[in-house]
Amino acid sequence: MELIVTEKEIAARNIADILSGGSATVEQRNGVNVYAWGGRRCMGLSGHVVESDFPTEYSNWRDVEPVELADAPIEKRTIERAENIVRTLRLLARDADGVVIATDYDREGELIGKEAVDIVREVTDAPVERARYSSMTEREVRAAFAELTALDDDLAAAGEARQEIDLRWGAALTRFLSLVSGRRGQEFISVGRVQSPTLKLIVDREREIEAFEPETYWELSAALETDDGDTRSGDSAGEASGSEETGASEGSFEAQYFDAEAGRGSDRVWEAATAERVDGALREATNAEVVGVARHTRTDDPPHPFDTTQFISAAGSLGYSASRAMSLAEDLYTAGYISYPRTDNTVYPTDLDVEERLSAFLDHPEFGADAGALLEGDRDLTPTEGDEETTDHPPIHPTDELPSAAELGDAEASIYELVARRFFATLAEPAEWEQLRVTVAVGNHRLKANGKRLLDPGYLAVYPYASSAETHLPDVSEGERLSVREVRREEKRTQPPGRRGQSALIETMEEMGIGTKSSRHETIERLYERGYVEDDPPRPTTLAKAVVDAAETFAEQMVSEAMTSRLEADMDAIARGESSLEEVTEESRELLEAVFAELEASREDVGDLLRESLRTDATLGPCPECGSDLLVRRSRHGSHFVGCDGYPDCEYTLPLPSTGEPTLLEATCEEHDLRHVKLLAGSKTFVHGCPMCRAAAADAEPDRLIGDCPDCGETAGGELAIKSLRTGSRLVGCTRYPDCEYSLPLPRRGDIEVTDERCGEHALPELVVHDEDDDDPWELGCPICNFATYEQRRSADGLEAIDGIGEKTADKLADAGVESLADLRGATAEGVADAVSGVSAEAVRKWQTDASAGADAD
DNA sequence: GCAAGGTC
């Protein structure tokens, strides 16, 4: 029997299908699909099935000096999730008299193949061969299996070098920085070859923004009108204007002053006196003369095929975050509607029959007409090409399986349309624009106006994501006199560079050569998880600035993209057989040890710098009692509070809300000079504001009595009251607290109205909550009944019943809006993982499976 | 408890 091993399940299915001519059968072994036909079996891996790590004796951060990791042994272990796959591989290999490695045709594919070979070698000496195909088409795959080659050990070794170097540098430096900064628990300081240069990219831009000093300038413009005020349209000679106009109306248009003597960017006036003088001259003038009319035709080429980066970028313009876009693309890929979404390739393989693929859309209700238009006549359907042609996967394109409208959710449908239309666009003609530039003289001064008209929409007809907006100007000719209608002078300030959005970051990472098509969006997610960036576009936290600062000073290699370029060069040398895994990792080890020698020598400086920055990050402002700094601190129980740096001499404290992770905002309280506090709690994130104001407000708010305490009212005369706590939360509690701890929760926001209506069962007044952001008041009702239904809903659904969800996690999930099994099933794994710190999408998917299994059992 | 790279 011949065993074929692919990188992923779908590839196994496709290869079995192609090689068997559709006759392959499938059976499950250890829950893994195995395809069988003739004398062949085919199974898929799930990417890497083994991972590298240090032996367990190195796992205690305090017992092991971080630098020891530079040459500690490294073990390979089966990845837990892949255990069944490995078991099945061994099982099948025992019966195999030949094995073909058919993993992806790239460096990691070679390494994944070698991992499979190592497992196969545990049970058999059967010969191993390698199939290399660059697209999953019948011709390519058949050709690959007709010309089997050997596994490229050098290429696999290059991949291993990367693995080892990334692990040693990342783990050793992460531990060192975490330990030296005195951070405890889960909040370690993470650095790595890819994440740290990415973080530096973000921090550097923020530094530019912070250092930016705006300059004042003026822009002057005038509304001009042709003397007859007619509607002649100038930007398409002789053609009647059929489309709606943007910009000018009738015979009038706006022209902007520019300094004809100066070069580019000369429409900005930098001196107030000049602006004043030109403004005066323009205002005095009644007439202007057209002194130049320049027309030219511009060809606007259709875009090249989608690689991952360009796809993420295009999806970003539609409002999808990078990871959301990838997650949707993966869904469409798994469902069989689009090709593999992780690719650097921008050239369609020659055996992709674009005409056939396009024809498949002819009957499509939405895209049929566009596909038809592209196929009309005997047009040459030569697709556009980008610069990058790789062997692993084709550019992202629709497959021959078309989804029906009902099969896709809204977001999936819009991403599918994007991919389909991009494919159309790569087969379409260029768009043609006519550009018109009119220059006008007012005395010695010059004004200009630009117009553009779409002569031929070309690819824009099938690809509406690129703008086809026109700017129309009236048809004026040289020497023509115009009236000056209105003059405007605007004072403006130069703006700092903008923050890079996720797409721009991913594009820059690609230009810098860091990360991969599959991992760049995950790296950005990781920066969010580590508390290095907030918001979208990502803005660095103080911690991020401190880490980049420290790394720049003491381990420059870690934040430099040069580390990756050097690694790439070394890997290429290994792959060419000019260097070896041992040589490269040995050299890297020496470099890492040299970095550590410096770090150790500056150990205290590094610690001081990080601690100081972390302290700044946690500093609210001056203590009202002793003038030292007030800091966000963590109590022994894990809850946060505001404490004085002068402790134990000064014992001043302020409480903080118990939900969420506190972060400090730039905004400061005018009265107390303290920074505002925001609590990050997924979808329930809220701004607490100045904790001193909140405490004072709570102190000033009198308790409102609403009835007898059900626990001690009869025995001890306790009464229930609506109370505001200094943490900012509110509750209904007993007046005999702390002797009686009876309490019911109340919402944090909104004015609570105590109505005259009483609950028949508990004799308490019905409450209504008025939120200023919400016109619709919330009829909370009797607080006891309200709490009872809330509890019932929570416990009946029993999130805690699921393996891996404890009380704490359930609380965190509830904070993120996932309060029941139904909520969990209805949520997207990525969405939940985004909202809840320390929870991976993988874990959520497992919970969802468990939740559904539980529901089936009911 | 560390990284980055596959895959889902």
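The chains referred to below are lettered A, B, ... by the order of the sequence lines, with proteins before strands, and numbering in each begins at 1.
If you take CD1 of A/Ile74 and P of B/dC2, they are 17 Å apart, rounded to a whole angstrom. Across the protein-nucleic acid pair, A/Glu80 atom CD and B/dC8 atom C1' stand 16 Å apart, rounded to whole Å. To the nearest angstrom, C1' of B/dG6 lies 9 Å from CG of A/Asp106. Following rounding to the nearest Å, A/Leu167 (CG) and B/dC2 (P) show an atom-to-atom distance of 12 Å. The distance between atom CZ of A/Arg520 and atom C1' of B/dG6, rounded to the nearest whole Å, is 15 Å. B/dT7 atom P lies 15 Å from atom CE of A/Met43, rounded to whole Å. Across the protein-nucleic acid pair, A/Arg81 atom CZ and B/dT7 atom C1' stand 6 Å apart, rounded to whole Å. B/dC2 atom C1' lies 12 Å from atom CZ of A/Arg77, rounded to whole Å.
Residue-level contact check: A/Arg530 touches the backbone only, with heavy atoms under 4.0 Å from sugar-phosphate atoms and none from bases. Among the protein residues, A/Val49 comes within range of no part of the nucleic acid, since none of its heavy atoms lies under 4.0 Å from any strand. Using a 4.0 Å heavy-atom distance criterion, A/Ile79 is classed as a base contact. Counting any heavy atom pair closer than 4.0 Å across all strands shown, A/Glu522 reaches a base atom. When heavy atoms are screened at a 4.0 angstrom cut-off, A/Arg193 is found touching the sugar-phosphate backbone but no base atom. As judged by a 4.0 angstrom heavy-atom cut-off over every strand, A/Tyr340 is placed among residues touching the sugar-phosphate backbone only. Base engagement by A/Ser52 is indicated by at least one non-hydrogen atom pair under 4.0 Å involving a base atom. Residue contacts shown for A/Asp53 include a base, since a base heavy atom lies under 4.0 Å away. A/Gln163 comes within 4.0 angstrom of a nucleotide base, judged by non-hydrogen atoms across all strands.
Both A/Gly515 and A/Tyr58 lie close to DNA chain B; mapped to their nearest nucleotides by heavy-atom distance, the more 5′-ward contact belongs to A/Tyr58. The nearest heavy atom of DNA chain B to A/Glu108 and to A/Ser59 marks one nucleotide each, and the one closer to the 5' end goes with A/Ser59.
Checked for salt-bridge contact, A/Asp104 and A/Arg342 miss the test: no charged N lies under 4.0 Å from a carboxylate O.
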Yes or no on side-chain hydrogen bond (donor to acceptor under 3.5 Å, both in side chains) for A/Gln195 and A/Tyr532, after CA distance, side-chain angles and deciding distance? CA-CA 10 Å; A/Gln195 60 165 289; A/Tyr532 286 147; 5.0 Å; no
Intermediate values then yes/no, side-chain hydrogen bond (donor to acceptor under 3.5 Å, both in side chains), A/Gln28 and A/Asn33: CA-CA 5 Å; A/Gln28 296 238 318; A/Asn33 284 343; 2.6 Å; yes
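With sequence neighbours left out, the salt bridge (Lys or Arg N to Asp or Glu O under 4.0 Å) criterion links A/Glu164 to A/Arg168. A/Tyr340 pairs by the ring-ring contact (aromatic ring centres under 6.0 Å, His included) definition with A/Tyr333, A/His393, not counting sequence neighbours.
Listed candidates were B/dC8, B/dT7, B/dA3. Nearest to the side chain of A/Asp104 is B/dT7. Distances from the side chain of A/Ile112 to the nucleotides B/dC8, B/dG6, B/dA3 place B/dG6 closest. The side chain of A/His48 lies closest to B/dG5, out of B/dT7, B/dA3, B/dG5. For A/Val194, the listed nucleotide lying nearest its side chain is B/dA4; candidates were B/dC2, B/dC8, B/dA4. Taking the side chain of A/Thr516 as heavy atoms from C-beta on, and the options B/dA4, B/dG5, B/dG1, the nearest nucleotide is B/dG5.
Between the side chain of A/Thr564 and the main chain of A/Ile514, no donor-acceptor pair closer than 3.5 Å is present.
Within 6.0 Å of atom CZ in A/Arg500, more than 12 heavy atoms from other residues, nucleotides or ligands are found, so the atom counts as buried in its surroundings.
Within the 4.0 Å cut-off from OP1 or OP2 of B/dA4, not a single side-chain nitrogen or oxygen of A/Ser519 is found. Side-chain N/O atoms of A/Arg342 include one lying less than 4.0 angstrom from OP1 or OP2 on B/dT7. For B/dC2, the OP1/OP2 oxygens have no side-chain nitrogen or oxygen of A/Ser190 closer than 4.0 Å. A/Arg526 has a side-chain polar atom (N or O) that falls below the 4.0 Å cut-off from OP1 or OP2 of B/dA4. Not one side-chain nitrogen or oxygen of A/Ser178 sits closer than 4.0 Å to the OP1 or OP2 atom of B/dC2.
By the criterion of a centre-to-centre distance under 5.5 Å and near-parallel planes under 30°, the ring of A/Trp169 forms no stack with the base of B/dA3.
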